[in-house]
Amino acid sequence: MSRELRLSELASVLGGTWEGDGDLVVTGAASLGEAGPADVSFFEDERYRADLRTTRAGAVLAKSGVEAPVPVLRVERPYEAFTAVLARFAPARGELFPAGVHPTAVVDPTAELAPGVAVGPFSVVGAGVRIGAGTALGAHVVVGREVAIGADCLLYPQVTVREGCRIGDRCILHAGAVLGSDGFGFVHGPGGPRKVPQIGIVVLEDDVEIGANSCVDRATTGRTVIGAGTKVDNQVQIAHNVRIGRGCAISAQTGFAGSVTVGDGVIFGGQVGVADHLVIGDGAILAAKSGISKNVPAGETVFWYPALEISKARRLVALVRKLPEMARRLAELELRLGGSNDAREE
Amino acid sequence: MSRELRLSELASVLGGTWEGDGDLVVTGAASLGEAGPADVSFFEDERYRADLRTTRAGAVLAKSGVEAPVPVLRVERPYEAFTAVLARFAPARGELFPAGVHPTAVVDPTAELAPGVAVGPFSVVGAGVRIGAGTALGAHVVVGREVAIGADCLLYPQVTVREGCRIGDRCILHAGAVLGSDGFGFVHGPGGPRKVPQIGIVVLEDDVEIGANSCVDRATTGRTVIGAGTKVDNQVQIAHNVRIGRGCAISAQTGFAGSVTVGDGVIFGGQVGVADHLVIGDGAILAAKSGISKNVPAGETVFWYPALEISKARRLVALVRKLPEMARRLAELELRLGGSNDAREE
Amino acid sequence: MSRELRLSELASVLGGTWEGDGDLVVTGAASLGEAGPADVSFFEDERYRADLRTTRAGAVLAKSGVEAPVPVLRVERPYEAFTAVLARFAPARGELFPAGVHPTAVVDPTAELAPGVAVGPFSVVGAGVRIGAGTALGAHVVVGREVAIGADCLLYPQVTVREGCRIGDRCILHAGAVLGSDGFGFVHGPGGPRKVPQIGIVVLEDDVEIGANSCVDRATTGRTVIGAGTKVDNQVQIAHNVRIGRGCAISAQTGFAGSVTVGDGVIFGGQVGVADHLVIGDGAILAAKSGISKNVPAGETVFWYPALEISKARRLVALVRKLPEMARRLAELELRLGGSNDAREE
């Protein structure tokens, strides 16, 4: 998977200025600390100033004015430029997912595959499935009947998409993700929980990414929806009837109980839990490990378990840590007033 | 997967009274807010009264006396009746899991499959496995040697059941679930953790449901047991030697450390953690995200981290939120008494 | 999978003294409470003294001086000896993973498999993969191109190892584990999160174990590393660029955000969360469900959310539980001083 980039060419692609040898060639990209002479790196965050001084990188992307011990490619936003470099070094889709249907795959004759679709070894595509142009299924992907998948999607190995679900364009499902598993719906009676059939579906809008081993349950009726451009990390659990807006980022191991509604541009730290039927407003931020037990207004940042507006939560955390001092001061007052022990003994 | 139900017939099946046009036909079921003219819906919870007024449903299940803008099918327990309607619209097992062994499946010649067993594409059934009548394995299910599976079970795609485990009748294992993985047992020594072989098994009694990507570890010796009728949501972790009773409901991302014992009819919210060797009594309720660090008596509801009886926990949560006020009142008292700063400087 | 062990032989293997019938044969191993007459059990922890008195085991491993109602095999460290017995009853690797490449497996002609490698049904091995001697892949394992796997590893069914990752010798990956999924890296802009290509890899050093449905993300650039001898339980999430030291034990459902650095011999309880870029020192212990928001010094034990040194955390937990009493005492003081209500009304 090795590739060569000439720094002078890279400069013109990134719209920057190359201050070094025009013929310098790099074959990889790395952080300042990891980079070797064949790697390009970047400097933007002052915390890495020491790494910059000692880097062994072949070249560094940096803003004008930054001094470096190695040749510099000047750009306005070094990290963003670096991500463009990364894209150059990433393997092409065709390298990982060769086009065409692998001879071992089982594709139902009624499935409609657009031109250029890739289906990997042992993948199973059910009756009535439609898959858009340029979409690639890795090995061992199982797509249930009547599923619709848009164009230019990537489904990594061992993904399961159950019957009837709908996936937009340019979505990415990482290994082991499950779409359309039954919602956890039961009627509780004297004989224990009794299953409520889950006949809805899951809808992923365009540009959604679902992390490895994450699960999105089908709705009881209707749809569980994840809005366009929302990115979901690994091991996230999204229950039935949840509706998540556009452009959200949901970190690993976060869980949503049933029927939660999330607005647009919401950011979730890892291991957040959201109780059922809550509403999270646009642009809210939910700090890692928070336990959300009531609605979160738009634009608010919350933290803690149970979660509160973050400045309140932080003040309470600080006061809890002062409890030993408060207890001592309280005892001191009682001592000075005298007789408090008697009072408490009444 | 479309299906048609005549409302008059539905009324007689549900034991209700149909107040509308005898020939009305519905082709789906949905919540009041989602339903269209071809859907049947239901009204039971007063919180949805506004949705009832504006619903576009073709018909609604409701108790007698409830006024609705659309035809009503009168039943005593609308939600329960609605779940019976859902079952009518759910795809038949045979639609999703065609009977018979798919030609690509690898079934060991010593495995015993009862009549009507379905084995999906690429599924692997090991030596000495027994599978009961009517059980269906989806695509890509891996069943290890000497496993016993009862009748009328459903194993969704990508499920793994490791060697020797036993599954009762009418169990459902959702996609990606793992049964019988090694318990996390190590002897800690100077050279780091050393593996303790895990030679026990997992036993699921009848009517157990295991969610997508959940794991149940095999016992070190003997059995990890999940009792009859217990339902387990997605991404739940059940460690070695755990024993869970009958009729429990365990929500997503909850985790049990080793050798926990759970009684009957216990309800777990999501993301609960239970420390090793604890005992949770019958009928207990463990609120979402609670961290359980001591035994929970039968019938008790607990909450928080570390968890306490819920009314105590709620009082403490409320008092923590009053800490700023308590701190102010404490400072005020010190000010009125004077000299407290001196006292603290001693 | 049944096997027979003669107790007199077992004694000489374990270096102990057999006090019973030389010809006694056992066919299994079990805890004192579970064991039957054909099982060997052990007694070391005083908490199980009552179980020892009533055990039905055929024989018990115990220290000298311990009285038991059944024949005893005297050893110095009964539990450790018992784990050696367990290893005798565990199925041999070849029983679970027959050597050789299953005819249904798809192995790229450029892959190099050392002698004795097992590849199970439907497993897929990509171009340029190298697999060391004695390594076994179960059914449905997917190994991406250019992956290197050492000797004597075990990959259970449904494991995915993505392109370019490196696995040392004697590693175990349990069912459903995912190695090398994309790190969760995005540039947040007005149009929502934009993906940062993840071109690094995952490196597992020797003797690492990864639990069922756990995920280790590939680095953005460079390597996500798990050190030699570290054991990872089920459903653990390890994000991109994390570096974990040697001989650590990481319990289930714990999650690491990006770029965390963990020393050697660190122990994590279940459901711990570690925020990004933190450093956890050698020998630290992180109690279950802790939320780690700052660095943890070597040797320190921490607990709670947000986590603190454990003795401080426990004192605070105890004081929070005394808040009702503190509130009462505070009100009492105000009452005795009089006028406090007026003061607060100002």
Side-chain angles (χ1 to χ4, degrees), chain A residues 1 28-31 34 39 79-80 83 86-87 89-91 95-96 102 104 120-122 138-140 156-158 172 174-176 209 211-213 229-231 233-235 246-249 251-253 265 270-271 288-289 304-305 317 320-321 323-324 326-327 330 333-334 337 340 343-344, chain C residues 104 106 122 124 140 142 144-146 158 160 162-164 176 178 181-182 184-188 191-200 213-215 217 220-223 235 237 239 241 253 255 257 271 273 275 291 293 305-306 308 312 315-316 319-320 322-323 326 329-330 332-333 336-337:
Chain A
M1 292 184 249
S31 66
E34 294 170 322
D39 292 322
Y79 181 60
E80 207 175 308
T83 69
L86 292 178
F89 284 114
E95 285 178 65
L96 300 180
H102 193 274
T104 61
F122 306 120
H140 287 251
Y156 280 94
Q158 322 266 20
I172 300 174
H174 287 284
E209 188 161 343
N213 285 340
T230 286
K231 312 300 183 186
D233 200 352
N234 298 346
Q235 297 176 8
R246 302 162 66 99
C248 298
S251 298
Q253 298 183 326
Q271 297 185 336
K289 224 175 173 77
W304 223 21
Y305 164 60
V317 167
V320 165
R321 291 177 182 184
L323 276 175
M326 283 179 68
L330 183 60
L333 286 179
E334 288 172 333
L337 279 173
S340 66
R344 266 179 290 141
Chain C
T104 62
V106 171
F122 306 120
V124 177
H140 287 251
V142 178
R145 53 185 287 168
E146 311 287 343
Q158 321 266 20
T160 299
R162 275 185 48 196
E163 66 279 7
V178 176
S181 37
D182 284 2
F184 195 63
F186 298 91
V187 178
H188 290 272
R194 210 152 39 76
K195 185 172 181 68
V196 176
Q198 306 287 311
I199 67 167
N213 284 341
S214 285
C215 304
D217 281 349
T220 307
T221 62
R223 302 162 165 224
Q235 297 175 9
Q237 155 66 4
N241 310 312
Q253 298 183 325
Q271 298 186 336
S293 53
Y305 163 60
L308 293 167
K312 282 185 203 163
R315 189 170 176 211
L316 297 184
L319 282 169
V320 165
K322 289 201 170 166
L323 276 175
M326 283 179 69
R329 285 162 57 197
L330 183 60
E332 209 172 84
L333 286 179
R336 288 169 65 196
L337 278 172

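Basis for what follows: all heavy atoms, side chains included, without hydrogens, waters or symmetry-related copies. Because the structure is a prediction, the values reported are computed rather than measured. Proteins get letters first, then strands, A, B, ... in listed order; numbering begins at 1 in each.
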Quick one: which of [options] has the most heavy-atom pairs under 4.5 Å with chain C, could you say?
options                               : value
A/Ile172, A/Leu323, A/Asp233          : A/Asp233
A/Pro157, A/Ala252, A/Cys248          : A/Pro157
A/Glu80, A/Met326, A/Gln158, A/His174 : A/Gln158
A/Gly28, A/Ala30, A/Gly229            : A/Ala30

Given that the side chain runs from C-beta out, which part of [X] has a heavy atom under 4.5 Å from chain C: side chain, backbone, both or neither?
X        : value
A/Arg246 : neither
A/Thr230 : neither
A/Ala288 : backbone
A/Val317 : side chain

C/Thr160 side-chain N/O to C/Val178 backbone N/O, donor-acceptor pair under 3.5 Å: no
Indicate yes or no for a side-chain donor-acceptor contact from A/Gln253 to the backbone of C/Gln235 under 3.5 Å, with no hydrogens or angles considered.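 Checking the backbone N and O of C/Gln235 against the side chain of A/Gln253, a donor-acceptor pair under 3.5 Å is found.
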What residue in C/Gly176, C/Gly185, C/Gly273, C/Gly192 has the most heavy-atom pairs under 4.5 Å with chain A? C/Gly273
Where on C/Arg194 is there a heavy atom nearer than 4.5 Å to chain A: the side chain, the backbone, both, or neither?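 Looking at C/Arg194, just its side chain touches chain A.
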As a test of understanding, state which of C/Asp217, C/Thr221, C/Thr220 forms a side chain to side chain contact (heavy atoms under 4.5 Å, CB included) with C/Gln198. C/Thr220
Would you call the rings of C/Phe122 and C/His140 parallel, tilted or perpendicular, taking 30° and 60° as the class edges? perpendicular
